[in-house]
Visitor: 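The structure's right below; bear with me while I get my questions together.
Atoms within a ligand are numbered from 1 in the order they appear, just like the ligands themselves. Keep in mind the model is a prediction, meaning the values are calculated, not measured. We number each residue from 1, following the sequence as shown.
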Amino acid sequence: MDIQPFFDFVRESPSAFHASDALCRRLEAAGFLPLSEREPFALVPGGRYYVTRNRSSVLAFALPQGGFSHFQIVASHSDSPVFKLKTNPEEAVCAQYLRLNVERYGGMIMSTWLDRPLSIAGRALVREGGALTTKLVDFGRDAALIPNMPIHFNREVNDGYKFNPQVDLLPLYGGAQAKGALLEEIARCCGTQSENIAAFDLFLYNRERGSVFGTQGEFFACPRIDDLECAFASLEAFLSSKPEGHVNVLAVFDNEEVGSGTKQGADSSLLSDALFRICGAMGLGDEAARAAIAASFMVSADNAHAVHPNHPEKYDADDRAYLNGGVVIKHNANQKYTTDAVSGAIFAEICRRAGVPVQHFSNRSDILGGSTLGNIANTHVSINTVDIGLAQLAMHSCYETAGTQDLTFMVRSLAAFYGTQIETRADGEYALR
Ligand code: CO
């Protein structure tokens, strides 16, 4: 699979709002109809629809022509660790510089953000004809840079320097004359005057293009691979599949990097609301809806850690993943990952039948890992769920690395998942058709 369409998607997705917009445009182009959560869902068999919440999370679904017994869901996330501009971000320094006051969103590797051209993107609320309207904002130029201190004033920088985000990570935005320029630039992006900007959620981002490397082009590096790679792969698989006997659902949630606890995150009612409303609109009563949800299956797709070439000792001796080794199934005894023998077996069997290689990942028992969407979403909609991802290096750097072949493996495995009817015959007994 050509990697370029993924690079294009990343370039169109400098913020979660843009990622959501890029997904919606692709869904609309494929014939999906927009729904509003604030209006009754009017659905027809075979229909294909999507909703957004906060314009940063997207949920799309495809109905089969006939009836359905359950849902098959793939969930990923639209956000990445970034720096967010504060409300009054302009700060003059020594009457010579204009820098921006920012704070951390999520847990990034801070050093990766220094000494590279950055831009600014997100959304603004604009006063327009007596109403407040959301506008996407993307400066689309090299607009700021966070300079390192010279080594002569920071001799310890190579011995493990502790960055202070309020001191060391504030980007330079302009010279002495730049005061007021930020609001004007936001207004220009919105096609309005600066006095009409009511509020904004704006973030720094890395504009660097994706790059393929390795002696045979086996690797690629790119911003926001976590988790736009899974969002992109799940969309490709979703668009290529036609459900029979079940409803296919694509969910891309915002705010995974800050714990998902927002109205549009995985720890919200977004998924459960949609599933119950789909059932209701298709004539299923509460009892039938609960039965359909109980028979459903979810794939939580968020990238995994590949063995680092300089630190192979940090990874489990047996349950470890490599770039281009195939789709990673993630395991954790304490259920930070939802995978268990049931969900692991079902997903691995789907991959086996599709000819997609599978790798298994557990953390070393003396290393505490991260967590993801699956177990959080499960507190709202409790269904069999498997945690998967693609192996990548440098997770939460602003320029991450992954395997070129793996994207194809993910698309194929998720297309096979959407195309397989997972039939629950009894608790613990499943048929895959
Ligand atoms: Co992630």
Visitor: Considering only heavy atoms from C-beta outward, does the side chain of R116 approach that of C398 to under 4.5 Å?
Guide: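 In short, these two side chains touch, coming nearer than 4.5 Å.
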Visitor: Closer than 2.8 Å to the Co ion (ligand 1), which protein N, O or S atoms?
Guide: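 Under 2.8 Å from the Co ion (ligand 1) - ignoring waters, which are not counted - the protein N, O or S atoms are H77 NE2, D226 OD1, D302 OD1, D302 OD2.
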Visitor: Determine whether more than 12 heavy atoms belonging to other residues, nucleotides or ligands lie under 6.0 Å from atom CG of L368.
Guide: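 No.
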Visitor: With side chains defined as the heavy atoms from C-beta onward, is the minimum distance between I293 and F276 less than 4.5 Å?
Guide: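 Yes, side chains in contact.
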Visitor: What do you reckon, is CG of D427 surrounded by more than 12 foreign heavy atoms closer than 6.0 Å?
Guide: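 Result for CG/D427: open.
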Visitor: For E103, check side chain to side chain contact (heavy atoms under 4.5 Å, CB included) against everything at least two apart and list the hits.
Guide: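 If we apply the side chain to side chain contact (heavy atoms under 4.5 Å, CB included) test to E103, skipping adjacent residues, the hits are K86.
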Visitor: Tell me whether the rings of F83 and W113 are parallel (<30°), tilted (30 to 60°) or perpendicular (>60°).
Guide: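 F83 and W113: perpendicular rings.
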